[in-house]
Amino acid sequence: MKSEPDVFSIDDLKKARVTGWEGVRNFQARNYMRDSMKEGELVLFYHSNGDPSGVAGVAKVHGAPIPDPTQFQKKHEYYDATSPKDDPRWMMRQVEFVERFDAVIPLEVLKADPKLSGMPLLQKGQRLSVQTVTPAHFARVLELAKSKTQVVKKGVSPS
DNA sequence: GCCAACGTTGGC
DNA sequence: GCCAACGTTGGC
């Protein structure tokens, strides 16, 4: 699941502990949340438009699908006048904080890893904010998160 | 800020 | 049902 860290970061999730994944207005992403996710499943938390962009931690699916409340809030930027109250168009999941990685695993590192080849996140042009991860890819990302030999991006000073 | 890639909308 | 126009995403 992707979020812009300026808007909602892994640290924000840690503070909140549980949050509703509001604002998804893409049908495929909605379908993944509504139909594919199972309660208790783990989620990679991805920072998009980050510095760097990459996987920042792990969350897990909390509870059943529920209607995204913002679709009915007139003043809200995610308001959708066409969504019927008795049959909400936009369903979301709640996610619970699990883990914050010591460092974001940069997109560049993910792309360079042969074991992650074919991962949907890494496909050119994909923009889905919610997408699938295979168990093997998931395990590999966790491995990278634990690895001390993680490639350090050139030109980034240590802090 | 730029721009490629993509989803959605709406005219026909 | 096609497709141009438009808006958005997100890396860079």
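Predicted, not measured: the structure shown is a model, and the values here were computed from it. So you know, we letter chains A, B, ... as the sequences are listed, proteins then strands, and number each from 1.
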Check your understanding: Among all residues two or more places apart in sequence or in another chain, which pass the side chain to side chain donor-acceptor pair (under 3.5 Å) test with A:Asn49?
Key ->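 Expected list: A:Glu4.
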Check your understanding: Does A:Ser53 have a side-chain nitrogen or oxygen under 4.0 Å from the phosphate oxygens OP1 or OP2 of C:dG11?
Key ->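 Answer is yes, contact under 4.0 Å.
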Quick test: give all pairs of protein nitrogen or oxygen and nucleotides 6-9 of chain C nitrogen or oxygen below 3.5 Å, distance rounded to 0.1 Å.
unit_1: C:dT8; atom_1: O2; unit_2: A:Arg127; atom_2: NH1; d: 2.4
unit_1: C:dT9; atom_1: O3'; unit_2: A:Arg127; atom_2: O; d: 3.3

Check your understanding: Can the ring centroids of A:Trp21 and A:Phe45 be said to lie less than 6.0 angstrom from one another?
Key ->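 Judged by ring-centre distance (under 6.0 Å), A:Trp21 and A:Phe45 do meet the cut-off.
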Practice item. Before accepting this row, confirm whether a basic side-chain N of the pair A:Glu108/A:Lys111 lies closer than 4.0 Å to the acidic partner's carboxylate O. Key: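 A salt bridge is absent here (no side-chain N lies under 4.0 Å from a carboxylate O).
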**Study point:** Distance, rounded to the nearest Å, where A:Leu110 contributes CG and C:dG11 contributes P
**Key:**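 Those two atoms, CG and P, are 11 Å apart.
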Practice item. Report the residues that fulfil side chain to side chain contact (heavy atoms under 4.5 Å, CB included) with A:Ile66, sequence neighbours left out, ordered by chain and then residue number. Key: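 For A:Ile66 the side chain to side chain contact (heavy atoms under 4.5 Å, CB included) partners, ignoring immediate neighbours, are A:Met92, A:Gln94.
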Practice item. Applying side chain to side chain contact (heavy atoms under 4.5 Å, CB included) between A:Val55 and each of A:Leu107, A:Val109, A:Val133, A:Leu110, report the one that passes. Key: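 The single option meeting the side chain to side chain contact (heavy atoms under 4.5 Å, CB included) with A:Val55 is A:Leu110.
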